[in-house]
Amino acid sequence: MFKINGKKFFIGAALAAAVCFSACSDGSTEVTETSAETAAAAEEATSAEIENVSAVKPISEPEPPAVSAEDVTEAEGYNTVNLETGLVYFIQPIIEQYDEYDDWNLSDWECRDTEVKRGWHYGDEWRYRKELVFVFSNYTDEPVTVDSIQIISESDDAPVSFADGSNVLDIDFTVQPGHKTDYLLRSEDFDYSACGSGIYNSVVNVGLEGYGREFFIDNSELYEETVPLLWYSNEQIGIAPAFLTEEQQTVFAKAHVRMSEFFWCDSCLSAEYAEKHTSDEFIEMFTDVFTEGYAWDLARSRYIDENGGLRESLGGRGSDISYYGHCFLPVSSDDGQITFKAVVTHCHSDNPYEIWFEEKDYRMVNTENGWRVDKFTIWN
């Protein structure tokens, strides 16, 4: 799996090499021994002819592009400190094939073409999330042609077929010098709905080089749902994967509320409560959704002192401002235990183009009192 977080890959040199090869292939810059006749003919070239042969052209017959994630270079990250170089491209973090909240992500997309600016992003970058938008920025002084696109599944490192049955979609898409230009990979060319939910690597092939970036396809409309709960007379929303049974969903959703209430960014316990209640009384608030052992482990991490008594807590960690979304995926299940995970998508708060992923694990066990959560991590 490619991890973009914290890594910067400079593709300017590789792109320059590809551009040089392209120029050499049409004879404009190839260094060879020439005859006197050839030199004389070159001297007689008109200015128009010189202009024609100096333009950057795509390689007419490139070698087969990369088809394995191991052969792909990660695209350069967007860096607001160092100047951008070469051709860089970015994509939105998540492609959703269902309308979860409203219809804003179903609106038509109008591709943009504008002068590139360093350290600047489009506004409302990912309000459209039904199809993959490639944002190309050309920081060179020559046109650069993206020859083709591939989509590789990170789960098995296998290329995904396009609508025409091929593993490579030829696009012959040129980005002018000093321009930022969109390319929309439409569903008529790539069937997003046929892909399982998971991380994919989008590879753009420029000449002989393939540059990859990760994104997440979320086809999991049935993987999560909201369960309304009452907590301190205020309605709270607990989220539970829909692949759980009804009992498991209710327990997990309650666990989500308890975790959010006591183990999230604004969680606290007053000195007055700690003085008037015992640790056992506090633990009883959790054992209807957590195993007793896990409830004690959670409480000791914040609310129980070294002598086993309750202590005041004024707050926990801050919320994760890089959180963009999550998707639950089942792992294993039987009559005694079920495990699953959430794939969490992150974007840097100051740079929406920087995307990375992490997995959080969950476990529920079947006890004599019913299903209980034995492992839980807040996803944001």
Step by step, work out the side chain to side chain contact (heavy atoms under 4.5 Å, CB included) result for Phe290 and Arg258. CA-CA 10 Å; Phe290 297 119; Arg258 304 289 171 83; 4.2 Å; yes
Please tell me if the side chains of Arg372 and Tyr294 come closer than 4.5 Å, counting only heavy atoms from C-beta onward. no
Any chance you could measure Phe357, atom CZ, to His326, atom NE2, to the nearest 0.5 Å? 14.5 Å
For Glu292, is the CD atom crowded, meaning more than 12 foreign heavy atoms sit under 6.0 Å from it? no
What distance do Leu132 atom CG and Arg186 atom CZ have between them, rounded to the nearest 0.5 Å? 12.5 Å
Ionic contact status for Lys117 with Glu115, cut-off 4.0 Å: no
Can you find a heavy atom in the side chain of Val331 that is under 4.5 Å from one in the side chain of Asp361? no
When you compare the side chains of Ser166 and Asp164, does any donor N or O come within less than 3.5 Å of an acceptor on the partner? yes
For the pair Leu244 and Met364, evaluate side chain to side chain contact (heavy atoms under 4.5 Å, CB included) and give the outcome as yes or no after the intermediate values. CA-CA 10 Å; Leu244 300 178; Met364 299 184 69; 4.1 Å; yes
On a heavy-atom basis, the closest approach of Thr345 and Pro93 is CG2-CB, 3.5 Å
Are the aromatic rings of Phe252 and Phe340 close, with centres under 6.0 Å apart? yes
Residues Val116, Asn138; criterion side chain to side chain contact (heavy atoms under 4.5 Å, CB included); working and verdict: CA-CA 7 Å; Val116 72; Asn138 182 4; over 6 Å; no
For Ala240 and Gln249, work out which heavy atoms get closest and say how close. CB-O, 3.4 Å
Considering all heavy atoms, the nearest Phe162-Asn167 contact: CE1-O, 3.5 Å
Side-chain donor-acceptor contact under 3.5 Å, Thr181 with Asp113: yes
Flag the pair Gln92 / Tyr324 as yes when at least one side-chain heavy-atom distance between them is below 4.5 Å, and no otherwise. no
Would you say the side chain of Val257 lies within less than 4.5 Å of the side chain of Val289, judging by non-hydrogen atoms? no
So which heavy atom on Val133 is nearest to which on Tyr128, and how close? CG2-CD2, 4.3 Å
Report yes if the side chains of Arg112 and Lys180 come closer than 4.5 Å at any heavy-atom pair, otherwise no. no
Check whether any side-chain heavy atom of Val204 sits under 4.5 Å from a side-chain heavy atom of Phe134, and report yes or no. yes
Separation of Asp170 CG from Ile149 CD1 (nearest 0.5 Å): 10.0 Å
Geometric class of the Phe328/Trp379 ring pair [parallel <30°, tilted 30-60°, perpendicular >60°]: perpendicular
Shortest non-hydrogen contact between Asn380 and Tyr323, atoms and distance: CB-CG, 3.3 Å
Check whether any side-chain heavy atom of Phe262 sits under 4.5 Å from a side-chain heavy atom of Met285, and report yes or no. yes
So, do Ser333 and Phe243 sit near enough that their side-chain heavy atoms are less than 4.5 Å apart? no
Determine, step by step, whether Tyr200 and Val160 satisfy the side chain to side chain contact (heavy atoms under 4.5 Å, CB included) criterion, reporting the C-alpha distance in whole Å, the side-chain angles of both residues, the deciding distance to 0.1 Å, and the verdict. CA-CA 9 Å; Tyr200 291 80; Val160 183; 3.9 Å; yes
Just how far is it from atom CG of Leu185 to atom CD1 of Ile151, taken to the nearest 0.5 Å? 6.0 Å
Would you call the rings of Phe173 and Phe136 parallel, tilted or perpendicular, taking 30° and 60° as the class edges? tilted
Closest approach of Ile355 and Cys347, non-hydrogen atoms and distance? CG1-SG, 4.4 Å
